[in-house]
Amino acid sequence: MEDIEKIRAEYPILDRMIYGRPLVYLDNTATSQTPDCVVNSIVSGYTQTKANVHRGVHTLSMEATELQESARRRVKDFINAPSTEEIIFTRGTTESINLVAAAYGGAFLRDGDEIILSVMEHHSNIVPWQLLQRRADIRIRVIPIREDGSLDMDEYRALFNEHTRFVSVCHASNVLGTVNPVKEIVAEAHAHGIPVLIDGAQAAPHLKIDVQDIDADFYAFSAHKMYGPAGVGVLYGKRKLLEIMPPYQGGGEMIESVSFEKTTYAELPYKFEAGTPDFIGIAAFHQAINYMERLGIEKIAAHEHELLEYTTRRMLDEIPGMRIFGTAPGKCAIISFLVDGEHHYDMGMLLDKLGIAVRTGHHCAQPLMTALGIEGTVRASFAVYNTKEECDRFLTALRRVSEMLR
């Protein structure tokens, strides 16, 4: 990546020392760090334009409203959505999926209906559908994976029958890094007249997203994985579906008129945005998207892929007993691994003592762990500010920890 030191200078947290050693942050799949331009936007919001949106005629309220709606327009362009009315701000991917499961699923799925998920789904794309099962006798059917961590598309096609009513799959796995063929997945579902939700939490930070090209009915992602603030997410939904869905929550902003006899709802997208949103975080997300596009999403992905290949090759060559889960071509910059005989939690704890921040455990993907026959993994994941020198420090620490545990 060009000007990597200039990029790193925008992230003061990277100068932290952990147990006397420079921080090497490799937990980017869980959440990325935030550059100064985004932090400055948050500070400006709280010190210059903090006023509730859509509810005032005074200057501060109108300025805050314009910042939020400007961010909505920016998100629309970022994912190539047809209109801003199809961009709903939520608290994150999890809430976006819950919104669809509750509003669409609750309204249109009935006893005997079936939903198709994949075995690699995050819990956020499993549990909301299980909650729906409390209302109706709905069956969840699961797409298995092949040995390299890619979806078994033949099995996917075989899951469709007269009871299938919805498909919900991730664009990229937060464990395996596998990038799923979402355009093909959607096309197959649409051939059966079935709508599709794509969980884009792991894809949006790394890939150019075009919801019209994918033809997704719903697409969800989160700001905090995209160099933005926590607590802000997006749900894109096709207008024809959003219009027939009932509101997800009730309260201020999502209404047109209220009486004790009858309430009518606001037009899209506000019908699904009850209460005061995180308008300061939403405005800051605008700056995060600008930041990503200024660097170039393709350049970010190429840099991350270079680190992925470099580190993967050396791990396999230099660490005895190394097992890497997820080897599908074109995967995101995620390495989930185990070293034979060494517990993932012990490795993560010891790596932390050496200044290396990685994630350990089941990564909110317990069904995938069961399918893999393991309890959890160590996961290292890369972002634009990571360097080969950090990869070298990670590998040196990993060798040391492996030798200690062995």
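Salt bridge Lys388/Glu306: present, at least one basic N to carboxylate O contact under 4.0 Å. Ion pairing between Glu184 and Arg157 holds under the 4.0 Å rule for side-chain N and carboxylate O. Between Arg146 and Asp154 there is a salt bridge, with a side-chain nitrogen of the basic residue lying less than 4.0 Å from a carboxylate oxygen of the acidic one. A salt bridge is absent between Glu114 and Arg165: the closest approach of a Lys/Arg side-chain nitrogen to an acidic carboxylate oxygen does not fall below 4.0 angstrom. Under the 4.0 Å criterion applied to side-chain N and carboxylate O atoms, Glu318 and Arg399 are assigned as salt-bridge partners. A salt bridge does not link Lys238 to Glu86: none of the charged nitrogens lies less than 4.0 Å from a carboxylate oxygen. Salt bridge absent: Arg139 and Asp113 never bring a charged side-chain N and a carboxylate O closer than 4.0 Å. Of the charged side-chain nitrogens involved, at least one lies within less than 4.0 Å of a carboxylate oxygen, so that Glu69 and Arg72 count as a salt-bridged pair. With respect to the salt-bridge test (charged N to carboxylate O, under 4.0 angstrom), the residues Glu293 and Arg74 qualify. Ion pair Arg314/Glu309 not flagged as a salt bridge, since none of the NZ, NE, NH1 or NH2 atoms sits closer than 4.0 Å to an Asp/Glu carboxylate oxygen.
With His363 contributing its side chain and Gly361 its backbone, the two residues share a donor-acceptor pair below 3.5 Å. Remark: side-chain polar atoms of Asp3 are not paired, donor with acceptor, to backbone N or O of Lys6 under 3.5 angstrom. Here the side chain of Gln133 pairs a donor or acceptor atom with the backbone of Ile138 at under 3.5 angstrom. At distances below 3.5 Å, at least one donor-acceptor pair connects side-chain atoms of Lys225 with backbone N or O atoms of Ala30. Within the 3.5 Å criterion, the main-chain N or O of Leu398 finds no donor-acceptor partner in the side chain of Ser402.
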Query raised in the report: Taking it one step at a time, do His206 and Glu304 satisfy side chain to side chain donor-acceptor pair (under 3.5 Å)?
Result: CA-CA 9 Å; His206 312 287; Glu304 294 168 343; 2.7 Å; yes

Query raised in the report: Checking side chain to side chain contact (heavy atoms under 4.5 Å, CB included) for the pair Val232/Phe279: CA distance, chi angles, key distance, verdict?
Result: CA-CA 9 Å; Val232 175; Phe279 51 85; over 6 Å; no

Report task. Kindly determine whether Arg400 and Leu350 satisfy side chain to side chain contact (heavy atoms under 4.5 Å, CB included), including the steps that lead there. Result -> CA-CA 9 Å; Arg400 180 176 174 185; Leu350 291 173; over 6 Å; no

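Sorted by first then second residue, the side-chain hydrogen bond (donor to acceptor under 3.5 Å, both in side chains) pairs that include residues 17-42, not counting sequence neighbours, are Asp27-Arg359, Asn28-Tyr385, Asn28-Asn386, Thr29-Ser381, Thr31-His224. Within the structure, ring-ring contact (aromatic ring centres under 6.0 Å, His included) pairs that include any residue of residues 333-357 do not occur (at least two apart or interchain).
Results of the side chain to side chain contact (heavy atoms under 4.5 Å, CB included) test with Phe218 over Leu235, Val211, Asp199, Leu99 single out Leu235 as the only residue that passes.
Using the six-membered ring where Trp is involved, Tyr219 and His171 have ring planes that are perpendicular, over 60° apart on the 30 and 60° scheme. In this pair, His123 and His362 present their aromatic rings tilted. The plane angle is within the 30 to 60° band.
The six-membered or imidazole ring of Tyr291 lies near that of Tyr227, with a centre-to-centre distance under 6.0 Å.
A 4.5 Å side-chain heavy-atom check between Ile79 and Asp210 finds every atom pair outside the cut-off. Within the 4.5 Å cutoff, the side chain of Tyr156 has no heavy atoms near those of the Ser118 side chain. Looking at heavy atoms from C-beta onward, Glu121 lies in side-chain contact with Val169 at the 4.5 angstrom threshold. Between Phe285 and Val75 there is a side-chain heavy-atom pair separated by less than 4.5 Å.
For Arg406, the CZ atom sits in a packed shell: over 12 heavy atoms of surrounding residues, nucleotides or ligands are nearer than 6.0 Å. No more than 12 heavy atoms of other residues, nucleotides or ligands lie within 6.0 Å of NZ in Lys183, so this atom counts as exposed by the packing criterion. Within 6.0 Å of CD in Gln249 there are more than 12 heavy atoms belonging to other residues, nucleotides or ligands. Within 6.0 Å of the CZ atom in Arg73, the count of heavy atoms belonging to other residues, nucleotides or ligands exceeds 12. Other residues, nucleotides and ligands contribute more than 12 heavy atoms inside 6.0 Å of the NZ atom of Lys353.
In this view, His122 satisfies the ring-ring contact (aromatic ring centres under 6.0 Å, His included) rule with no residue, not counting sequence neighbours.
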